[in-house]
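Presented below is the structure to which this report refers.
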Amino acid sequence: MKPNELDALIEDCLEGRLSEPDAARFSALLEQSAEARARYWETASIHSLLEHTMQGASLRVVTGKALATIPRTHRWFQWRPLSAAAALVVVVALGAWLNFESSHDHERSFATMMVTTNARWSDPNVELALSSGERVPTALRLESGHAEFQLLDGATVVLNGPASVRFAERKTVFVDEGRVFCKCPTPESRIAVVTPQTKVVDLGTEFSVEARADESTRVAVLSGKVQVMSHNAGVLTAGEVMDVKGSQVLRLKPLTTYETAALTRESVPSHAASDAAGQNRLLDPGFEKTLPSAFWRGTDDCLEQAASLGRSGASMRVRAMEKHYPLVKQRVETDDISGKVVQASVWAKSPPDDPISPKQCAVLKMAFLNAEGREFACSTRHFLHQGEPANVYVPVQLAAQAPQGTRFVEVQLMLAAGTQKAGSVCFDDGSLVISNAPEKK
């Protein structure tokens, strides 16, 4: 469409002259063209139209910023009433566009938080946002601990605090500070990592990239190879380390024993215990006893026994009910299990009569407590994310090494409900197993 034709439709809409055919045409144009929407918003702002048609609501324009209400102090402006067709175009077409923008924003959530261990974020609200699948527009700052993300195409990115990263593009991770470990198991999952000094392109490998305080970048490859996009850098292969600072490139070969051990630990997924066969420490793991129970407790008004929704018998349903993290939990007293592998597992599903929303997920957490019963370490796994089938039980497990001083382990089964008032998760057949062998490195 020519610009003068678009301007004519906008003018007819603002002046209330749109015919029904033109109204339908204009509505379709606004939904399909970002340029048309931007042009309409610009013109409508000048006319102070939005204050009346949308009743003063603050709406996001294509730049992502809120459009401020324009004061009606311009004496040169003379209001003309909108026709029904024009008003319908504004309300319906722009409403459809806002819905599209909202869903599009969600689709641009390029990374899903999967596992955290003693994670402490600079923003205390960030974990709730990440649990809800929301895209955080600014850098994620992990002050300490460990956080594992899965990208849309299957790559795994592990943060070790302190670290600042941005998941701003589907195939690129921006590391402003700190170290990330990346694992790209398929050609489709290959990514690039960008630091202030260089860009590292995956060629099918496991590797780490660290942006350092001295304005250098260290790239280390555990397996496969990467392309380092710096002057005279070239390809880095398994067992090699490269430091990049400005135009200087220093290759160290091979990896030191310390760095190899660190990379190996980071490459081991926390859902796979090395040797966790043993007795289930949880009592009433199938939730057959009615709450309140001597074994399970939690957010009472959000819990109910679901007799017909279990894998075999009853299950525990955890409802949202306007709680951010409703949960059911069981504490198990242990001997000194410092250094032993502890594995928790559970089956869970999103029930058909109250399914979780796209901005909710289930959470399995292991909390480690000292002799006074105070939590001092934990590990969590987030699952049942958007796109997974409802009404199907899926197994999930989480493994971690018990830190020094552990005397109790608490299994917590949660719903990351956010601000949603509906949605629930059914949990069944939980387990907590402590291996006799230390975790293999």
Side-chain angles (χ1 to χ4, degrees), residues 111-120 127 130-131 142 145-150 156-161 181 183 265-283 285-287 296 298 311 315-316 318 325-332 334 337-350 356 360-369 375-385 388 393-403 406 408-416 425-441:
T112 300
M113 184 171 67
M114 304 300 290
V115 177
T116 59
T117 302
N118 298 331
R120 185 170 65 87
E127 183 158 359
L130 292 171
S131 298
L142 181 65
H146 164 108
E148 177 183 318
F149 291 83
Q150 186 174 71
T156 297
V157 178
V158 179
L159 280 61
N160 288 280
F181 178 85
K183 183 175 183 179
R265 283 196 300 272
E266 293 170 9
S267 70
V268 176
S270 57
H271 65 272
S274 56
D275 178 16
Q279 177 187 2
N280 185 1
R281 300 290 189 96
L282 293 181
L283 300 176
F287 303 101
W296 294 101
R311 299 180 65 230
S315 69
M316 172 58 61
V318 179
Y325 284 99
L327 61 85
V328 61
K329 59 186 178 180
Q330 183 174 151
R331 181 177 298 187
V332 176
T334 67
I337 57 171
S338 303
K340 292 186 177 181
V341 173
V342 183
Q343 179 172 289
S345 65
V346 73
W347 290 75
K349 75 173 180 179
S350 174
I356 59 175
Q360 295 175 329
C361 70
V363 181
L364 169 62
K365 175 180 176 180
M366 283 194 303
F368 298 96
L369 291 76
E375 178 182 328
F376 67 97
C378 68
S379 185
T380 62
R381 176 168 291 277
H382 299 71
F383 61 107
L384 289 184
H385 294 284
E388 298 183 30
Y393 270 106
V394 296
V396 63
Q397 60 180 8
L398 179 65
Q401 192 170 7
T406 299
F408 299 88
V409 178
E410 190 169 82
V411 174
Q412 301 179 8
L413 309 175
M414 292 182 281
L415 168 61
V425 174
C426 290
F427 295 102
D428 202 2
D429 295 339
S431 73
L432 177 67
V433 175
I434 302 172
S435 74
N436 293 321
E439 184 180 18
K440 296 177 181 177
K441 303 297 184 183

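All values derive from a computational prediction rather than experimental measurement.
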Check whether Q279 reaches the backbone of V433 with its side chain - one donor and one acceptor, N or O, closer than 3.5 Å. no

Report the distance from atom CD of Q401 to atom OG of S379, rounding to the nearest 0.5 Å. 12.0 Å

Side chain of R381, backbone of Q397: donor and acceptor closer than 3.5 Å? yes

Rounded to the nearest 0.5 Å, what separation is found between the CG atom of L432 and the OG atom of S345? 8.5 Å

Side-chain heavy atoms of K329 within contact of V411, under 4.5 Å: no

A side-chain contact here means heavy atoms from C-beta on lying under 4.5 Å apart; do V342 and I337 qualify? yes

Quick check: do F149 and T112 have side-chain heavy atoms less than 4.5 Å from each other? no

For Q360 and L415: C-alpha separation, side-chain torsions, deciding distance, then whether side-chain contact (heavy atoms from CB on, under 4.5 Å) applies. CA-CA 7 Å; Q360 295 175 329; L415 168 61; 4.3 Å; yes

Walk me through whether H385 and M114 qualify under side-chain contact (heavy atoms from CB on, under 4.5 Å). CA-CA 10 Å; H385 294 284; M114 304 300 290; 3.8 Å; yes

Report the C-alpha separation of Q330 and E410 in whole Å, then their side-chain angles, then the decisive distance to 0.1 Å, and conclude whether the side chain to side chain donor-acceptor pair (under 3.5 Å) test is met. CA-CA 6 Å; Q330 183 174 151; E410 190 169 82; over 6 Å; no

For R120, which residues count as a side chain to side chain contact (heavy atoms under 4.5 Å, CB included) partner, sequence neighbours excluded? E143, S144

Given R331 and E375, is the salt bridge (charged side-chain N to carboxylate O under 4.0 Å, His left out) satisfied, shown in steps? CA-CA 11 Å; R331 181 177 298 187; E375 178 182 328; over 6 Å; no

Would a 4.5 Å heavy-atom cut-off, applied to side chains only, mark Q150 and V157 as touching? no

Does any part of the side chain of R281, heavy atoms only, come nearer than 4.5 Å to the side chain of I434, both counted from C-beta? yes

Student check: side-chain heavy atoms of F376 and P403 closer than 4.5 Å: yes

Any donor-acceptor pair under 3.5 Å from N160 side chain to H146 backbone: no

Test of understanding: with side chain to side chain donor-acceptor pair (under 3.5 Å), list the residues that count as partners of D429, not counting sequence neighbours. R311

Residue pair N280 / P285: nearest heavy atoms and the distance that separates them: ND2-CB, 3.7 Å

Got a donor-acceptor contact below 3.5 angstrom from the S350 side chain to the I356 backbone? yes

Hey, mind stepping through V318 and L327 against side-chain contact (heavy atoms from CB on, under 4.5 Å) and telling me if it holds? CA-CA 6 Å; V318 179; L327 61 85; 5.7 Å; no

Looking only at heavy atoms, what is the nearest atom pair of A119 and L142, with distance? CB-CD1, 3.9 Å

Which pair of non-hydrogen atoms, one from A402 and one from F368, has the smallest distance, and what is that distance? CA-CE2, 3.9 Å

Please report the shortest heavy-atom distance between G286 and D428, naming the atom on each side. O-OD1, 3.2 Å

Kindly compute the distance separating CZ (F181) from NZ (K183), expressed to the nearest 0.5 Å. 7.0 Å

Heavy atoms only: give me the nearest T380-V363 pair and the separation to one decimal. CB-CG1, 4.3 Å

For a quick test of reading the model, state the closest non-hydrogen atom pair linking L398 to L364 and the distance between them. CD2-O, 3.6 Å

Quick one: CD on Q343 to OG on S431, what's the gap to the nearest 0.5 Å? 6.5 Å

Could you walk me through whether W296 and F287 pass ring pair (Phe, Tyr, Trp, His ring centres under 6.0 Å), step by step? CA-CA 8 Å; W296 294 101; F287 303 101; 4.6 Å; yes

Side-chain donor-acceptor contact under 3.5 Å, S338 with T406: no

Can T156 and E148 be said to form a side-chain contact (heavy atoms from CB on, under 4.5 Å), step by step? CA-CA 7 Å; T156 297; E148 177 183 318; 3.7 Å; yes

Any chance you could measure W347, atom CH2, to C426, atom SG, to the nearest 0.5 Å? 14.5 Å

SG (C378) and CE (M366) are apart, to the nearest 0.5 Å, by 9.5 Å

